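Down below is the structure, laid out as structure tokens.
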Amino acid sequence: MRRLLWTPSEEVRDHSKMMEFLRHVNSRYGKDFRDYPALYRWSVDNVADFWAAAWDFLDIRYSQPYTAVVDDLNRFPGARWFEGARLNYAENMLKYSDRPGPAIIFRGENHTRKEYSYGDVHQQVVRLATAFRREGIRPGDTIAAYMPNIAEAVIAMLASAAVGAVWCSCATDIGPSVAIDRLGQVEPRILVTADGYFYKTRKFDVLKNAAEIAAGIPSVQRVVVAHYAGDEDCGRIPEAVAWEEYLAAEAPAGFAFEQLPAEHPLVVMFSSGTTGKPKCMVQSAAGLLINQLKELVLHSGIHEGSTLLYITTCSWMMWNWQAAALGAGARLVLFDGNPSVPDPSTIWKILDQEKVTAFGLSASYIHSLMAQGFSPKSVASLDSLTTISQTGSALSEEGFEFVYREIKSDLHFNSIAGGTDINGCFAIGSPISPVYSGELQAPGLGMRIECYDEDGKPVRDEQGDLVCELPTPSMPLRFWNDPQGSLYRKAYFEEFPGVWHHGDYVMFHSDTGGITFYGRCDSVLKPSGVRIGTAEIYNQVDKLPEIQDSLAIGQYYRGDQRIVLFVLLNEGVGELDEGLKKAIKDILRNNASPRHVPAVILQAPDIPRTLNGKKVESVVTNIVNGRRVTNRDALANPGCLAFYEGVLPELQK
């Protein structure tokens with residue numbers, strides 16, 4: 001039963017950035033809005049006016065103003081945003097560089113702590129950007145990172161943006177072949193990496209993998225290596241240089257941030273790679289800038305007095321979102337490693353030590369604390385904490401209640417959902433609205449989202465598909481190497497023509513206005529919120545001589561998603577034994593990442609396929625998650641579904 005868990009006090013409401021923005025809109029447009037639902041409805045009925053108001057309120061810096069907020073909302077996809085404007089993303093992120101105190105605090109699992117002042121960050125960005133220009137990097141060139149969540153990763157991203165390069169990144173727990181499949185497609189000229197990292201008390205050498213990645217991407221001309229947990233021996237990688245040696249000797253006076261059109265590409269984000277290599281989604285500088293600041297400042301209450309720590313990696317869009325808090329004047333605490341080493345109290349003590357005001361975590365992390373019976377408030381005071389942001393997968397109602405019971409009774413629990421596709425959120429919190437268990441509070445401002453039934457009709461109080469009916473600035477400009485836009489349209493606009501189909505099962509509640517998420521409705525795997533493509537699993541499992549074929553699906557299980565792998569063995573192999581299961585887990589752990597390792601491996605008599613021979617993950621996903629199968633006639637071998645239906649009771653234990 002959904003329960004009211006928190007209502008903001010009058011003081012919290014009145015002093016929130018959301019309420020300040022509401023008053024700004026009222027004054028500017030002669031309105032009398034008093035609550036979030038009224039402000040939201042106006043924002044999606046008056047799209048250009050809303051984004052114009054946000055542009056001014058969020059203090060977007062530019063060298064040339066826009067002539068039109070959006071050219072044509074009926075061009076979907078294809079609407080152009082902030083035409084005529086010229087600006088630089090990094091310049092906006094660094095506009096607080098004269099502030100005293102640390103801008104970034106790094107906390108490593110190995111107890112490393114480093115501070116970087118706002119001035120330090122600005123200086124290092126400019127010195128690195130100057131080195132990039134010296135290397136011949138020009139607007140539109142690509143810079144890639146294979147990095148842990150350290151300060152140099154944020155600095156490198158901002159330096160890339162400063163010179164107009166396109167940024168993309170992968171975390172160091174991803175194997176080299178998977179990284180090559182992602183980064184190699186966008187042909188980076190420079191690869192930024194680190195010499196090592198720590199996880200669960202172990203030190204991992206990154207340079208071996210970085211060397212393989214550099215060798216596997218012919219476009220890479222330079223490798224820049226930051227020191228963290230290795231021996232600083234760059235000699236193993238051709239054309240490699242240490243970070244400090246590569247930086248320009250000093251920040252040149254009058255450094256010019258490249259002034260670029262609003263729709264100049266800023267980052268490439270990677271899709272799951274379900275049907276092959278990951279798709280490369282190109283997102284714009286102005287689109288990400290205004291949407292990230294909208295979500296951080298208005299929806300999450302991040303401001304100049306805030307300190308933000310998010311448990312994330314450089315493979316996840318939340319890393320980009322976290323880094324953008326610098327543009328709100330906030331302080332970042334970057335944590336790299338396992339937050340529960342040596343014990344579950346570790347990260348909570350760091351929150352106290354660094355006076356963190358906003359903490360970001362995943363549903364799976366909350367559920368793991370619940371399973372352990374661990375109460376964070378028993379080990380930390382959390383006096384500074386005012387907001388918890390949660391994403392990654394759907395959180396149970398019990399998870400919501402655990403936050404208020406065992407972490408802190410008076411804070412804004414900001415459950416958010418969107419995705420890599422928009423580098424932001426479709427549904428998010430409102431600090432001036434109540435929180436109900438199991439519900440995201442509301443659609444985000446400017447996001448005209450709906451819940452559609454199978455006929456494409458909006459519904460309330462029943463499950464359906466999450467869609468977005470109008471363009472928004474942070475949607476991809478295009479996919480890399482998709483000049484006609486066919487891959488882009490196929491990814492989002494075929495299910496309901498002219499409307500963005502996001503691929504989540506949701507319910508919109510008519511009584512509270514909240515939204516409950518029930519998981520993905522496609523075959524994307526999201527254990528602990530990290531997107532994993534089934535192709536990344538198949539590429540490794542298929543190397544084993546015992547395996548003829550395999551099928552990977554996501555099962556929603558005990559508040560998270562787990563990977564279930566079905567394998568079809570070659571003739572003469574016999575039964576799936578523990579030795580073969582270990583071989584499957586080892587090859588995925590070593591060549592992909594620990595997140596790719598399935599929780600359950602079962603032997604199957606056949607793999608369902610379409611009439612043209614393509615294996616079908618969605619039908620088994622529906623069976624395993626207790627949903628109706630509607631496309632049996634599209635299968636060449638529908639009889640094999642009896643096996644999957646037969647194992648369902650075992651998987652539900």
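Just so it is clear, the values below take in all heavy atoms, side chains as well, and ignore hydrogens, waters and symmetry mates. Everything numeric here is computed off the predicted structure, so don't read it as measured data.
In this structure a side-chain-to-backbone donor-acceptor pair under 3.5 Å is present from S43 to G446. Looking at Q441, its side chain does come within 3.5 Å of a backbone N or O of S430 through a donor-acceptor pair. Counting only distance, with no hydrogens or angles, the side chain of E304 and the backbone of A328 share no donor-acceptor pair below 3.5 Å. Judged by distance alone, with hydrogens and angles left aside, the side-chain atoms of Y404 form no donor-acceptor pair with the main-chain N or O of S437 at under 3.5 Å. H596 places no side-chain N or O within donor-acceptor distance of the main-chain N or O of I587, the cut-off being under 3.5 Å. Checking side-chain atoms of T307 against main-chain N and O of T357 turns up no donor-acceptor pair under 3.5 Å. With hydrogens and angles disregarded, a donor-acceptor distance shorter than 3.5 Å links the side chain of Q561 to the backbone of K526. N625 places a side-chain N or O within donor-acceptor distance of the main-chain N or O of Y556, the cut-off being under 3.5 Å. Judged by distance alone, the side chain of Y146 and the main-chain N or O of N209 form no donor-acceptor pair under 3.5 Å. S340 contributes no side-chain N or O that, together with a main-chain N or O of D343, makes up a donor-acceptor pair within less than 3.5 Å.
In this structure, the side chains of V620 and I553 come closer than 4.5 Å at one or more pairs of heavy atoms. No side-chain heavy atom of D586 sits less than 4.5 Å from a side-chain heavy atom of N591. In this structure the side chain of E650 reaches within 4.5 angstrom of the side chain of L602, judged on heavy atoms. You'll find the side chain of I432 stays beyond 4.5 Å of the side chain of D35, heavy atoms only. Side-chain contact between N291 and P473: absent, with no pair of heavy atoms (C-beta onward) separated by less than 4.5 Å. Counting heavy atoms from C-beta outward, W319 and M157 have side chains that approach closer than 4.5 Å. Looking at V121 and I104, their side chains come closer than 4.5 Å, going by heavy atoms from C-beta outward. Residues M281 and V268 fail the side-chain proximity criterion, which asks for heavy atoms closer than 4.5 Å.
Salt bridge status for R3 with E401: present, with a side-chain N to carboxylate O gap under 4.0 Å. We find that R595 and D173 are joined by a salt bridge, their nearest charged nitrogen and carboxylate oxygen being less than 4.0 Å apart. In this structure, E354 does not pair ionically with K349, as no charged nitrogen and carboxylate oxygen lie closer than 4.0 Å.
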request  = Tell me, with the steps shown, if T201 and E109 meet side chain to side chain donor-acceptor pair (under 3.5 Å).
outcome  = CA-CA 7 Å; T201 73; E109 183 192 296; 5.4 Å; no
key: T391/S415 under side chain to side chain contact (heavy atoms under 4.5 Å, CB included): CA gap, chis, key distance, verdict   = CA-CA 6 Å; T391 190; S415 186; over 6 Å; no
task = Give the intermediate values and the outcome of side chain to side chain contact (heavy atoms under 4.5 Å, CB included) for residues E398 and F402.
result = CA-CA 6 Å; E398 294 79 10; F402 173 86; over 6 Å; no
task = Let me see the working for I105 and L309 under side chain to side chain contact (heavy atoms under 4.5 Å, CB included), right down to the final yes or no.
result = CA-CA 10 Å; I105 298 170; L309 188 158; over 6 Å; no
inquiry  = Test side chain to side chain contact (heavy atoms under 4.5 Å, CB included) on Q555 and T621; report intermediate values, then the result.
reply    = CA-CA 7 Å; Q555 179 192 16; T621 300; over 6 Å; no
request  = Kindly determine whether H303 and E20 satisfy side chain to side chain donor-acceptor pair (under 3.5 Å), including the steps that lead there.
outcome  = CA-CA 12 Å; H303 52 76; E20 187 179 335; over 6 Å; no
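The CG atom of N622 sits 5.0 Å away from the CZ atom of R627 when rounded to the nearest 0.5 Å. Atom CG of L289 sits about 12.5 Å away from atom NZ of K294, to the nearest 0.5 Å. For the atom pair CG of L395 and CZ of F400, the computed distance is 5.0 Å after rounding to the nearest 0.5 Å. Between C314 atom SG and N320 atom CG the span is 8.5 Å, to the nearest 0.5 Å. Of the inter-residue distances, the one linking R113 atom CZ with E115 atom CD reads 4.0 Å to the nearest 0.5 angstrom. Of the inter-residue distances, the one linking L440 atom CG with C425 atom SG reads 8.5 Å to the nearest 0.5 angstrom.
No hydrogens or angles considered: a donor-acceptor pair under 3.5 Å links the side chains of H509 and T516. Side chains of D465 and Y452: a donor-acceptor N/O pair is absent below 3.5 angstrom, by distance only. Side-chain atoms of D410 and W6 form a donor-acceptor pair, as typed in the model, at a separation below 3.5 Å. The closest side-chain donor-acceptor pair between S474 and Q283, if any, does not fall under 3.5 angstrom. Of the N and O atoms on the side chains of D336 and Y197, not one donor lies less than 3.5 Å from an acceptor on the other residue. When only modelled atom types and interatomic distance are considered, R107 and Q353 share a side-chain donor-acceptor pair under 3.5 Å. For N414 and S300, the side-chain atoms include at least one donor-acceptor pair closer than 3.5 Å.
The two residues G559 and A363 have their closest heavy-atom pair at O-CB, 4.3 Å. Between M147 and A194, the shortest heavy-atom contact is SD-N, 3.7 Å. The shortest non-hydrogen separation linking V267 to N423 is CG2-ND2, 4.0 Å. Here the shortest heavy-atom pairing between P8 and S433 reads CD-O, 3.5 Å. The two residues A358 and L385 have their closest heavy-atom pair at N-CD1, 4.2 Å. In plain terms, the two heavy atoms of Y310 and N149 that are nearest each other are O-ND2, 4.4 Å.
Here side chain to side chain donor-acceptor pair (under 3.5 Å) pairs that include residues 8-17, with residues two or more places apart or in two chains, number zero.
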Could you list the donor-acceptor pairs under 3.5 angstrom formed between side-chain atoms of residues 370-381 and any protein atom two or more places apart in sequence or on another chain?
unit_1, atom_1, unit_2, atom_2, d
Q372, NE2, S368, O, 3.2
S375, OG, E406, O, 3.4
S375, OG, E406, OE1, 2.7
K377, NZ, R405, O, 2.8
S378, OG, S375, O, 2.6
S381, OG, D352, OD1, 3.4
S381, OG, D352, OD2, 3.3
S381, OG, D383, OD2, 3.4

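In summary, the aromatic rings of F359 and W348 are positioned with their centroids under 6.0 Å apart. Y228 has its ring centre less than 6.0 Å from the ring centre of F106. Remark: aromatic rings of F426 and H502 are close, center separation under 6.0 Å. Taking the six-membered ring wherever Trp is involved, the centroid distance between the rings of Y505 and F517 does not fall below 6.0 Å.
A perpendicular orientation is assigned to the rings of Y644 and F566, their planes being inclined by more than 60° (bins at 30° and 60°).
Within the cation-pi definition used here (under 6.0 Å to the ring centroid, within 45° of the axis), R562 qualifies as a partner of Y557.
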